[in-house]
Amino acid sequence: MENNFDDIYQVVKLIPFGRVSSYGAIAEYLGGKRGARIVGWAMNAAHTDDSIPAHRVVNRNGVLTGKAFFGGNKMQELLEAEGIIVKNDKIQHFKDLFWSPTKELL
DNA sequence: CCCCTGACGGGCG
DNA sequence: TCGCCCGCCAGGG
């Protein structure tokens, strides 16, 4: 936790099973909505780390924007394995599955 | 040191 | 509702 990527990793790891979050939500929880892109960058650096559930992090639309980085539809499979319904690279009931670190985490 | 790009988000027309 | 533009931080050329 150096107030940077590590913080992001910690928050991502805190995402409950079967739940998802967004880059902006995590960025906002850490220090404002300025680092939405940075979160994505952090995920990119961490996508090699299987201890980080980066597949649970999507954009505000609930679209698996980073699915390409996982290889094929690996990201979608991981989400479906958690009971999350994914259709056309988009999470169904995203609003219901959404996990806000700012609200639910404290 | 300057410029471009990026797994994003919000605002405006 | 859709599309365009600007701002955000960090890394690479």
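Chain A is the first sequence line, chain B the second, and so forth, proteins listed ahead of strands; every chain is numbered from 1.
With hydrogens and angles ignored, the 3.5 Å screen pairs no side-chain donor or acceptor of A:N73 with any backbone N or O of A:Q76. Remark: side-chain polar atoms of A:S22 are paired, donor with acceptor, to backbone N or O of A:A25 under 3.5 angstrom.
Note: A:K74 NZ to A:H47 NE2 = 12.5 Å, rounded to the nearest 0.5 Å. Taking CD from A:E104 and OG from A:S21, the interatomic distance works out to 9.0 Å, rounded to the nearest 0.5 Å. Distance check, rounded to the nearest 0.5 Å: NE2 of A:H55 to CG of A:D50 gives 11.0 Å. Rounded to the nearest 0.5 Å, atoms OH (A:Y9) and CG (A:L14) are 15.0 Å apart.
Between the side chain of A:R60 and the base of B:dG9, no donor-acceptor pair under 3.5 Å is found.
Comparing B:dC4 with C:dC5, their P atoms sit 16 Å apart, to the nearest whole Å.
Grouping Ile, Leu, Val, Met, Phe, Trp and Tyr residues whose side-chain heavy atoms lie under 4.5 Å apart, directly or via other members, places A:L97 in a hydrophobic cluster with A:V20, A:V58, A:L64, A:F70, A:M75, A:L78, A:L79, A:I84, A:V86, A:I91, A:F94, A:F98.
For A:H47, the side-chain atoms get nearest to B:dA7 when compared with the rest of B:dC8, B:dG9, B:dA7. Here the nucleotide nearest the side chain of A:F69, chosen from B:dG6, B:dA7, B:dG9, is B:dA7. In this structure, of B:dG9, B:dA7, B:dG6, it is B:dG6 that holds the atom nearest to the side chain of A:W41.
A:L30 places its CG atom 17 Å from the P atom of B:dC8, with the value rounded to the nearest Å. In this structure, CD1 of A:I38 is placed 17 Å from P of B:dT5, rounded to the nearest angstrom. When rounded to the nearest whole Å, the span between OH of A:Y9 and P of B:dA7 equals 15 Å. Rounded to whole Å, atom P of B:dA7 lies 15 Å from atom CG of A:D89. In this entry the distance linking CZ of A:R37 with P of B:dT5 reads 11 Å, nearest Å.
Of all nucleotides present, only B:dC8 satisfies the Watson-Crick or G-U wobble test against C:dG7, with each distance under 3.5 Å.
Read 5' to 3', the first and last nucleotides of DNA chain C with an atom closer than 4.0 Å to a heavy atom of chain A are C:dG7 to C:dG11.
Backbone-only engagement by A:G24 is indicated by non-hydrogen atom pairs under 4.0 Å involving sugar-phosphate atoms exclusively. Residue-level contact check: A:N44 touches the bases, meaning some heavy atom is under 4.0 Å from a base atom.
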